[in-house]
K.L.:
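One structure, as structure tokens, below. Some questions next.
Bear in mind the structure is a predicted one, so any value in this text is a computation, not a measurement.
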Amino acid sequence: MTRVVIAPDKFKGSLTAVEAAAAIAHGVRDALPEAEVSSCPVADGGEGTLDVLVAAGGRLVELPVRGPLDDSVDASYVTLDGTAYIESARACGIEFVEPSPEVALAAHTWGVGELLAHALDNGARRLVLTVGGTASTDGGAGMLAALGAGVFDAFGAPVGLGGGTLGRVASAELGPVRERLGSVEVAVATDVTNPLLGPRGAAAIFGPQKGAGPREVEQLDESLSRWAQALRNAGTPDVSDLPGAGAGGGVAAGAIAGLGATVESGFQLIAGLTGVAGAIERADLVITGEGSLDEQSLDGKAPAGIAARAREHAVPLMVLAGRIQLDESQLAGLGVVGSAALIDHAPSLDHARAHAATLLRERAGELVRAWART
């Protein structure tokens, strides 16, 4: 019996990873009715991680929190075996705002701190913070303030919320946060390696996606520099150049410095909970994918992680994506034996998004039939 492992990430704007896996599974069964199909949707610590964790047996906890521009948003986190998994984007995701220069300076992470506080108050023994897809560039200052930290200007007054306010920050008081955490361990799940500051930092690389122009990028980078100095003065490690500290608009830096968090690979962490590694070892074929397979996919994203596992065990790999922007040599380097982009089989991008499940089923069936004939 042919054993097929289906391990896609989300198709952003169309399908969750769980939905994508279900659509691909239908296509595999259309082609190979007798196949043993294992659905193992994956995530890399970015948006959509909670959907994968719920599918792995986690419990969803829902509550309203303060959104990135102060309006209340309906947020959630997942608990699994005593660990609370907090997805930053559920509280301050970019989907809650219309990106603009003003928004880039004003958006904050207070709601992320509210989620962490709720998990602590309800007995979480470990916290895992995923940090992709935020609207904010505040270095996690809002998150720490919601947990009781003081973020003060030179006169001892609170500086307010948003990355733009951090240009006035002079000191940070982290004692209340440490007291609240107690012995609870914290991890930041990310595969982003950007530092907090500089040309590859949170403001320069991610700020423009959030509406920041050149002037705002410069202002935010300077503000984050002052924030990093205030954290150092409070006795924390220097997070300025630490790989990964720039993830989520610097919320990773705030977690590392203020919460004592360690940095873990988002893909490795989530993959360890879904059983995908063991499934690939026993597989005859692996199928992965995501919305856009491009250069960024090669830099620690979930499909690249799946590809590495498949190569390790000499298992053929297929890739399905909304669009594929890698050339044949790059695909071959991943070990891909068959691929399809939905946009190549749809009259428009809007059509591909609206009918992604059907297109995935059809393309998966075609690829698997061709593979089975070889």
Side-chain angles (χ1 to χ4, degrees), residues 1-11 15-25 28 32 35-58 78-83 85 87 126 128-132 185 187-193 244 262-290 293 296-321 331-339 364 367-368 371:
M1 180 181 294
T2 303
R3 293 164 294 189
V4 182
V5 172
I6 299 168
D9 200 345
K10 65 186 178 300
F11 281 59
L15 302 170
T16 67
V18 176
E19 293 167 339
I24 295 169
V28 172
L32 296 175
E36 178 186 310
V37 178
S38 299
S39 288
C40 302
V42 295
D44 56 20
E47 303 145 275
T49 298
L50 296 194
D51 299 311
V52 173
L53 290 169
V54 169
V78 166
T79 61
L80 181 63
D81 297 331
T83 297
Y85 296 86
E87 188 177 311
R126 183 170 180 254
V128 174
L129 180 65
T130 75
V131 293
E185 295 182 356
V188 171
T190 182
D191 290 293
V192 168
T193 57
T262 58
V263 178
E264 299 187 19
S265 161
F267 169 73
Q268 298 291 350
L269 190 150
I270 304 304
L273 296 171
T274 64
V276 67
I280 289 174
E281 288 182 28
R282 301 183 295 273
D284 299 302
L285 176 67
V286 175
I287 304 175
T288 190
E290 64 179 340
L293 192 73
Q296 288 189 355
S297 304
L298 303 177
D299 189 19
K301 298 293 186 180
I306 294 297
R309 294 291 177 89
R311 286 198 308 275
E312 180 183 348
H313 298 286
V315 180
L317 175 73
M318 290 181 178
V319 171
L320 291 157
L331 291 173
L334 290 173
V336 174
V337 300
S339 63
L367 288 176
V368 171
W371 172 78

K.L.:
Apply the test side chain to side chain contact (heavy atoms under 4.5 Å, CB included) to residues V78 and T49: give CA-CA distance (whole Å), side-chain angles for both, the deciding distance (0.1 Å), then the verdict.
P.N.:
CA-CA 10 Å; V78 166; T49 298; over 6 Å; no

K.L.:
Is it true that, when you exclude E19 itself, more than 12 heavy atoms of the residues, nucleotides or ligands shown sit nearer than 6.0 Å to its CD?
P.N.:
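Above 12, so yes.
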
K.L.:
Do T2 and W371 have side chains that approach each other closer than 4.5 Å (heavy atoms only, starting at C-beta)?
P.N.:
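Contact flag for T2/W371 side chains = yes.
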
K.L.:
Can you name the nearest heavy-atom pair linking P8 to T288, along with the distance?
P.N.:
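Nearest pair, atom of P8 first, then T288: CA-OG1, 4.1 Å.
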
K.L.:
Nearest 0.5 Å please: distance from the OG1 atom of T274 over to the CG atom of L53.
P.N.:
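That separation rounds to 9.0 Å.
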
K.L.:
Ignoring hydrogens, what is the shortest heavy-atom contact between V37 and A25? Give both atom names and the distance.
P.N.:
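Closest approach of V37 to A25: CG1-CB, 4.1 Å.
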
K.L.:
Do you know the tightest heavy-atom contact between D191 and S265?
P.N.:
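Taking every non-hydrogen atom into account, OD1-OG, 2.8 Å.
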
K.L.:
Return the minimal non-hydrogen interatomic distance between V5 and A283, and the atom names on each side.
P.N.:
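Between these two residues, the closest heavy atoms are CG2-CB, 3.6 Å.
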
K.L.:
Determine the minimum heavy-atom distance between A7 and V276, stating which atoms define it.
P.N.:
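Heavy atoms only, the tightest pair is CB-CG2, 3.9 Å.
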
K.L.:
Pair up each side-chain donor or acceptor in residues 302-315 with any protein partner under 3.5 Å, not counting sequence neighbours, and list the distances.
P.N.:
{"unit_1": "R309", "atom_1": "NH2", "unit_2": "Q268", "atom_2": "OE1", "d": "2.6"}
{"unit_1": "R311", "atom_1": "NH1", "unit_2": "L334", "atom_2": "O", "d": "3.4"}

K.L.:
Which pairs count as salt bridge (charged side-chain N to carboxylate O under 4.0 Å, His left out) when at least one residue sits in residues 276-290, sequence neighbours excluded?
P.N.:
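Found R3-D284.
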
K.L.:
Can you find a pair of side-chain heavy atoms, one from V368 and one from V4, that are under 4.5 Å apart?
P.N.:
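No - every pair of side-chain heavy atoms lies 4.5 Å or more apart.
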
K.L.:
Look up atom SG in C40 and atom CD1 in I287, then write down how far apart they are to the nearest 0.5 Å.
P.N.:
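One finds 12.0 Å between SG of C40 and CD1 of I287.
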
K.L.:
Within a strict 4.5 Å, meaning less than it, do heavy atoms of the D51 and P41 side chains meet?
P.N.:
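The answer is no; the side chains never approach within 4.5 Å.
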
K.L.:
Hey, could you give me the CG/CG distance between D44 and L269, rounded to the nearest 0.5 Å?
P.N.:
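Between D44 CG and L269 CG, I get 11.5 Å after rounding to 0.5 Å.
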
K.L.:
What's the spacing between L317 CG and L285 CG if we round to 0.5 Å?
P.N.:
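Answer for the CG-CG pair, L317 versus L285, is 8.0 Å.
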
K.L.:
Is the shortest side-chain heavy-atom distance between L50 and Y85 below 4.5 Å?
P.N.:
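Yes - at least one pair of side-chain heavy atoms lies under 4.5 Å apart.
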
K.L.:
Rounded to the nearest 0.5 Å, what separates atom CD1 in I6 from atom CE in M318?
P.N.:
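If we round to the nearest 0.5 Å, I6:CD1 and M318:CE are 11.0 Å apart.
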
K.L.:
Identify the heavy atoms of R126 and A187 that sit nearest to each other, and give their distance.
P.N.:
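Distance-wise, the nearest heavy atoms are NH2-CB, 3.8 Å.
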
K.L.:
Is V52 close to L273 at the side-chain level, that is, under 4.5 Å between some pair of heavy atoms?
P.N.:
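No. Closest side-chain heavy atoms not under 4.5 Å.
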
